Amino acid sequence: MRTAGVNCGRRFLEHCEDYIEAISKEAEYRERDEVLDMKQYETLRRENSAVRLCFMLAMYALDMDLPDEVFQDSAFMAVYFAACDLVCWANVGGPCLAH
């Protein structure tokens with residue numbers, strides 16, 4: 001993390017916290033046998049998949065340190081979450097859905 005840009009490092013740590021919170025919530029839902037609706041699950045899935053962490057690692061590896069005004073831009077976020085969802089939803093169910 002010493003060589004990460006300020007924005008990239010901050011976002012990575014924020015996404016780490018978001019990931020830990022999401023997997024904790026998921027465990028609580030599972031324990032209560034609670035099933036989320038699709039919109040709630042979509043939000044949770046984006047965080048519990050760790051894809052956003054991987055995106056930050058990729059940005060770090062590529063030496064990208066996007067300023068907040070770029071990263072938070074609505075067009076950038078639309079593409080960012082589309083890519084995130086592509087990975088998240090491709091991994092839901094796995095081989096179980098094929099049977």
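Residue numbers count from 1 along this sequence. Quick caveat, the model's predicted, so the values are computed rather than measured.
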Original post:
Between Tyr29 and Val35, is any pair of side-chain heavy atoms under 4.5 Å apart?
Top reply: no
**OP:** Give the cluster check for Met77 versus Val79: same hydrophobic cluster or not, with ILVMFWY residues linked at side-chain heavy-atom distances below 4.5 Å.
**Re:** no
Original post:
Do you reckon Phe76 sits in the same ILVMFWY cluster as Phe55, going by side-chain contacts under 4.5 Å, direct or chained?
Top reply: yes
Subject >> Check: Cys16 main-chain N/O paired with Arg52 side-chain donor or acceptor under 3.5 Å >> reply: no
Subject >> Asp18 side chain vs Glu47 backbone, donor-acceptor pair below 3.5 Å >> reply: no
Subject >> Spacing of SG belonging to Cys54 relative to OH belonging to Tyr60, to within rounding of 0.5 Å >> reply: 15.0 Å
Original post:
Hey, does the side chain of Glu17 reach the backbone of Glu14 with a donor-acceptor pair shorter than 3.5 angstrom?
Top reply: no
Subject >> Distance (rounded to the nearest 0.5 Å) between Cys8 SG and Leu57 CG >> reply: 8.0 Å
Original post:
Does Leu53 belong to the same Ile/Leu/Val/Met/Phe/Trp/Tyr cluster as Leu62, with side-chain heavy atoms less than 4.5 Å apart forming each link?
Top reply: yes
Original post:
Should Met64 and Val70 be regarded as members of a common hydrophobic cluster, given that ILVMFWY residues are connected when their side-chain heavy atoms come within less than 4.5 Å of each other, either directly or indirectly?
Top reply: yes
Original post:
Has Asp68 got more than 12 heavy atoms of other residues, nucleotides or ligands less than 6.0 Å from its CG?
Top reply: yes
**OP:** Start with the C-alpha distance between Glu42 and Lys39, add both sets of side-chain angles, then the distance that settles salt bridge (charged side-chain N to carboxylate O under 4.0 Å, His left out), and finish with yes or no.
**Re:** CA-CA 5 Å; Glu42 176 183 38; Lys39 191 63 182 168; 3.0 Å; yes
Subject >> Heavy-atom side-chain proximity of Arg46 to Asp85 below 4.5 angstrom >> reply: yes
Original post:
Counting only heavy atoms not in Glu31, do more than 12 fall under 6.0 Å of its CD?
Top reply: no
**OP:** With rounding to the nearest 0.5 Å, note down the distance linking CG in Leu13 to CE in Met56.
**Re:** 11.5 Å
Original post:
Between Phe71 and His15, how do the two ring planes meet: parallel, tilted or perpendicular, split at 30° and 60°?
Top reply: tilted
Original post:
In Å and rounded to the nearest 0.5 Å, what is the CE to CG distance from Met59 to Leu66?
Top reply: 5.0 Å
Original post:
From Cys84 SG over to Trp89 CH2, what is the distance, rounded to the nearest 0.5 angstrom?
Top reply: 10.5 Å
**OP:** Kindly compute the distance separating CG (Asn48) from CD1 (Ile20), expressed to the nearest 0.5 Å.
**Re:** 13.0 Å
Original post:
If every non-hydrogen atom of Arg45 is compared with every non-hydrogen atom of Cys88, which pair is closest and at what distance?
Top reply: NH2-O, 3.1 Å
